[in-house]
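What follows is a short report on a single structure.
Below, chain A is the first sequence line, B the second, and so on; all start at residue 1.
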Amino acid sequence: MSDLKSALGEAVGAAFASAGLPAELGRVTPSDRPDLADFQCNGALAAAKAAKRNPREIAQAVAEALKGDSRFASFEIAGPVFINLKIAEGALSARANEIAADPRLGAGRVAAPRRVMVDYGGPNVAKPMHVGHLRASIIGESVKRTYRFRGDQVWGDAHFGDWGFQMGLLITALADAGRIGPFLAEGDGPFPADSPVTLADLDRIYPEASAKAKADETFRDRARKATAELQAGRPGYRALWKHFIAVSRASLEPDFASIGVSFDLWKGESDVDPLIPGMIAELEAKHLLVDDQGARIVRVARNDDKRDLPPLLVVSSEGSAMYGTTDLATILDRRREYDPDLIIYAVDQRQADHFEVVVRAAYLVGYAQEGGLEHIGFGTMNGPDGKPFKTREGGVLKLGDLIAMTKAKAAERLHEAGLGAELSEADFGETARKVAVAALKFADLSNHRSTSYIFDLDRFSSFEGKTGPYLLYQAVRVKSLLRKAADEGVEAGKIVIVEPAERDLALLLDSFDSALAEAYDKKAPNFIADHAYRLAQAFSKFYAACPILIAQPPVRASRLALAEATLKQLELALDLLGIETPERM
RNA sequence: GCGCCCGUAGCUCAACCGGAUAGAGCAUCCGCCUUCUAAGCGGACGGUUGCAGGUUCGAGUCCUGCCGGGCGCGCCA
């Protein structure tokens with residue numbers, strides 16, 4: 001089973017081959033001129049150039065070879081020699097029925113499944129999730145779902161930041177504040193079982209300590225020393241550190257859950273700490289590790305580099321692991337435990353250089369195959385001023401607050417529209433949450449990940465236009481229709497495409513696989529978002545143009561089947577974006 | 001200074017190995033609810049794709065230079 005684009009592409013490719021030309025030139029794409037055709041092939045010009053033949057003659061020969069294929073209603077040569085193809089109604093109807101009966105709604109699978117690790121989210125101990133984590137979480141989640149759905153074996157890993165300098169900062173700041181006396185004792189303890197700090201303490205202390213370290217060298221050096229001591233295993237520090245982790249994670253998981261993000265693995269940087277000595281030994285054995293300014297580094301610059309790439313800092317002058325160290329060790333760990341063919345890092349574009357360094361080091365030491373590590377960067381979510389989003393007070397907006405804000409706005413909008421009045425308070429709250437998540441995620445994922453965008457809550461949560469709530473509305477409208485059909489005992493039947501609106505809808509249903517393939521290849525969920533929107537829009541036109549329940553029985557059954565298939569595909573597309581659809585709104 | 005990304009309609013954004021008339025949404029204006037959720041649908045208005053060259057039958061897309069914006073450039077992650 002394949003989509004029309006591929007099926008027709010094969011036919012046209014065969015026609016090219018029969019004319020003595022490469023079959024790849026027969027590639028078919030949706031028409032740029034829907035008024036003239038359904039699909040088009042632009043290969044004749046390229047063929048003419050390569051074979052030094054007249055493009056029109058080639059197109060004629062191809063058209064001739066296609067004659068007799070009943071899937072085409074027509075083929076015409078137009079413009080600067082495009083081959084315009086119109087699909088036969090019978091072939092389109094057949095494809096629509098195929099999609100309606102397919103549990104995968106017309107979506108194919110990858111030819112050769114791979115083992116893929118998606119590293120995303122990037123929460124940190126002691127740092128509450130803020131708007132910067134939003135994109136990492138929702139883009140990574142969507143990529144993970146898309147890869148898994150296309151047939152790969154996929155793991156999502158939160159890659160919990162529990163091992164860096166922020167630990168030393170916290171320990172030092174808390175020690176100075178006299179908060180952690182018992183944990184400062186030398187020796188094996190025992191140490192208090194209760195956390196000496198709350199999350200609110202960490203929220204407040206971390207930014208203060210971080211700022212202080214920038215201004216005060218002595219403080220910074222003490223914090224570095226504390227980091228190294230923690231990593232060396234000082235029992236009191238380890239005990240304290242475990243409290244930090246527990247307190248942090250307790251606040252992170254509900255945030256992730258509320259936006260439909262979950263991880264298969266919640267491995268911390270600390271988990272790979274035991275691998276570091278062996279890794280360093282291997283780097284030494286391969287003569288990759290060199291001493292430099294008191295630190296130990298791996299040089300990854302190449303002669304043909306256009307820029308000065310810094311080395312990978314493996315051991316700091318204080319003897320502690322840096323984030324590059326744990327990133328490299330994590331690759332080693334993953335190779336041993338999961339042996340992925342591909343690791344995808346969904347991390348801010350600003351860290352592109354860092355990942356380039358880590359990736360090169362991993363290739364040098366042989367922890368991954370060339371091409372087996374890929375950083376997919378993304379832009380920032382900006383405020384109205386075009387700069388990374390800040391609160392009115394100039395601080396960083398916490399993710400939990402952002403979600404609460406969006407949910408409140410969604411609830412307000414539902415009330416304005418007089419919707420959800422019949423729902424219980426709990427159902428209404430849950431619907432508002434789904435609408436809020438849809439607003440937030442769709443606004444983000446409908447942009448290409450590489451571009452930054454401006455956060456505009458009013459626009460995102462509008463129920464009109466290209467928004468998450470609009471998509472949910474369309475889905476809910478079909479659900480309502482299907483309930484009514486069920487009440488009236490009307491059943492779906494064989495799809496027969498007749499009306500233009502039905503045609504457009506069927507062609508769009510067919511294009512689902514292309515959208516998924518493109519999102520997959522480019523690691524860019526916006527292609528799925530775009531498909532979902534276009535599908536919702538095509539349905540809405542169909543809904544307005546083609547009455548369903550009051551139509552004559554055969555037409556009614558066909559249209560109902562079309563509506564059902566649309567709903568399923570729309571919900572699937574939304575699910576791949578990480579968006580849940582409510583039953584009513 | 002070096003490097004990376006971006007510049008498309010008044011605003012927010014798309015655009016499938018380079019292809020026909022560059023598409024949506026918002027905003028503005030005009031229509032459509034005695035049919036299934038009008039949170040909808042139809043239509044109108046809106047463009048020298050930052051500027052200048054180049055390659056090509058053909059450039060928003062590729063190359064060069066310039067202008068404007070964002071970001072990064074070893075001991076924080």
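Distances shown here put every side-chain N or O of A:Arg534 at or beyond 4.0 Å from the OP1 or OP2 atom of B:G23. Dashed line: the shortest gap from a side-chain N or O of A:Thr451 to OP1 or OP2 of B:A14 is under 4.0 Å. OP1 or OP2 of B:U37 has at least one side-chain nitrogen or oxygen of A:Ser480 nearer than 4.0 Å.
Among residues two or more places apart in sequence or in another chain, the side chain to side chain contact (heavy atoms under 4.5 Å, CB included) test is passed with A:Asp521 by none. In this view, A:His133 satisfies the side chain to side chain donor-acceptor pair (under 3.5 Å) rule with no residue, not counting sequence neighbours. With sequence neighbours excluded, the residues that form a side chain to side chain contact (heavy atoms under 4.5 Å, CB included) with A:Arg56 are A:Asn54, A:Ile77, A:Val81. The side chain to side chain donor-acceptor pair (under 3.5 Å) search around A:Arg53 returns none, not counting sequence neighbours. For the side chain to side chain donor-acceptor pair (under 3.5 Å) test, residues two or more places apart in sequence or in another chain that qualify with A:Ser6 are A:Asp3. Considering only residues two or more places apart in sequence or on other chains, A:Thr172 meets the side chain to side chain donor-acceptor pair (under 3.5 Å) condition with none of them. With sequence neighbours left out, A:Ser270 forms a side chain to side chain contact (heavy atoms under 4.5 Å, CB included) with A:Asp162, A:Trp163, A:Trp241.
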Which letter, B, S or -, goes with each nucleotide of nucleotides 54-73 of chain B from 5' to 3', with contact meaning a protein heavy atom under 4.0 Å? --SB------------SSS-
Determine, for nucleotides 25-34 of chain B in 5'-to-3' order, which nucleotides have protein heavy atoms under 4.0 Å from the base (write B), from only the sugar-phosphate (write S), or from neither (write -). SS--------
Output field dot_bracket for RNA chain B (Watson-Crick or G-U, both distances under 3.5 Å, | for other-strand pairs) contains (((((((..((((.....[...)))).(((((.......))))).....(((((..]....))))))))))))....
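One cannot find a donor-acceptor pair under 3.5 Å joining the base of B:G19 and the side-chain atoms of A:Asp32. For A:Ser317 and B:C75, a side-chain-to-base donor-acceptor distance below 3.5 Å is present, hydrogens and geometry of angles not being considered. At a cut-off of 3.5 angstrom, the base of B:G74 holds at least one donor-acceptor pair with the side chain of A:Gln293. No N or O donor and acceptor, one from the side chain of A:Asp348 and one from the base of B:A77, sit under 3.5 Å apart.
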Using atom names, set out every protein N or O paired with an N or O of nucleotides 8-10 of chain B below 3.5 Å, distance rounded to 0.1 Å.
none

Side-chain donor-acceptor contacts of residues 536-545 of chain A below 3.5 Å, not counting sequence neighbours, with atom names and distances?
unit_1	atom_1	unit_2	atom_2	d
A:Gln537	NE2	A:Tyr533	OH	3.1
A:Ser540	OG	A:Gln474	NE2	3.4
A:Ser540	OG	A:Arg477	NH2	2.8

